[in-house]
Amino acid sequence: MKIPLAWHQLFHERMRLLAAIAGIAFADVLIFMQLGFKNALFDSAVRVPESLQGDLFILSTQTDTFVNPTPFASRRLYQAMGNKAVSRGTSLYIDINRWKNPETKVSRQIYIMGFNPVSNPINLPGVEENLNLIKRPDVFLFDQDSREEFGPVPTLLAADGPVFTEVGNRRVQVQGLFTLGSSFGADGTLITSDLNFFRLFPSRDRSSIDVGILQLKPGQDPELVAEQIRRELTGGDVQVFTKEKLVQYELNYWQTRTTIGFVFGLGTAMGFIVGTVIVYQILYTDVSDHLPEYATLKAIGYGDRYLLGVVFQEALLLAVIGFLPSFGLGVLLYTNTARATGLPLIMTTARALTVLIMTIAMCCISGAIAVGRLRAADPADIF
């Protein structure tokens, strides 16, 4: 009996119900997008460190993020390779230069990674099979998921072969593709050999590297070896990470040392508040309009607990009904935004459940506030 009463109460005023659903859906979509952008930021930020093939990683203590690493002396890598648990070491070079769109000739910054092709440290689709290409002078691999502003390089490559353009005022050619994707720190990426890298950056010190990658012998504990190498590399100029700690280090930078995470968190909170206010207004108006009916139920013996249950059931129904269109719209917006930006915006089950729980919470909070007027209803005063 309780659920039909709440249901009929909601559907008695169809326009009011539609307004409530629209308000809840708007708040939910806002929350979906804020959570989506926040997680896309973090997911895209750790793509590069997650793609590195190695057990231990050496960075300068001045490096905050992979977007803008600080070089350190390569002798530190060689010192670490002297540890008996290390089987191989690889240098990775990272920098930013100007890329000229091969069609529009408009230039913009592009992220560039270089390494010795004999020992590939990057596990990304398209890199391993194209290593022989980047051994050639001025040949690069292009991230096919880069933003459109860099030009239709994959299309041109498929139609006409090598794509010629300029990077840092040097004529280069793209002969292969790989897949990485854009992030908040880099809209496009190139991969090449260490020799081609230094041709683009002739002023860089060749005795300095940006990331040192260590491969350990089978059976070695990365945590224990990392601690040994930290003790061996005295001087405080470098830091040593395991793969898990490296990814967390990059993630911590974007979470705690930039304002981006805070901004998206604030947007999520604002969406929750907006939804709470909208539902409160709907429920309060509904209670006020039907106060004589509620008072009549009180007069014939129904207690406050029953009447409050009706209001809370209305709130739960609003939460579920309002969530459904927002979920569908959220999936659509995620798909279109991911296609337009290259960011990893994906609707996950965990995120959908999170927003549903938040929707139920904001509707219940609104119901708790709205029933204050109902609790105070006195049949003698109303009639």
Partner set under ring-ring contact (aromatic ring centres under 6.0 Å, His included) for Y280, not counting sequence neighbours: Y284

Partners meeting ring-ring contact (aromatic ring centres under 6.0 Å, His included) with F42 (sequence neighbours left out): none

Residues 20-33 side chain polar contacts: donor-acceptor under 3.5 Å, at least two apart:
| unit_1 | atom_1 | unit_2 | atom_2 | d |
| --- | --- | --- | --- | --- |
| D28 | OD1 | T359 | OG1 | 2.8 |
| D28 | OD2 | S326 | OG | 3.4 |
| D28 | OD2 | T359 | OG1 | 3.0 |

side-chain contact (heavy atoms from CB on, under 4.5 Å) partners of I357, counting only residues at least two apart: none

Co-members of L18 in a cluster of I, L, V, M, F, W and Y side chains, linked at under 4.5 Å: M15

Donor-acceptor contact present, side-chain D143 to main-chain L180, <3.5 Å: yes

Residues forming a salt bridge (charged side-chain N to carboxylate O under 4.0 Å, His left out) with K38, sequence neighbours excluded: none

Salt bridge (Lys or Arg N to Asp or Glu O under 4.0 Å) contacts in which one or both residues fall within residues 159-173, not counting sequence neighbours: K100-E166, D138-R170

ring-ring contact (aromatic ring centres under 6.0 Å, His included) involving F272 - partner list, sequence neighbours excluded: none

Rounded distance [0.5 Å steps], CD1 in I321 versus SG in C363: 10.0 Å

Same apolar cluster: I278 and L317, side chain cutoff 4.5 Å: no

For D210, all residues meeting side-chain contact (heavy atoms from CB on, under 4.5 Å), sequence neighbours excluded: P69, P71, Y93, I94, R204

Under the side-chain contact (heavy atoms from CB on, under 4.5 Å) test, residues paired with N132 that sit two or more places apart: K135

E227/R230 salt bridge by N-O under 4.0 Å criterion: yes

Connected-component partners of L195 among ILVMFWY, side-chain separation under 4.5 Å: none

Pairing residues for N97 by the side-chain contact (heavy atoms from CB on, under 4.5 Å) criterion, not counting sequence neighbours: I112, V167, L200, F201

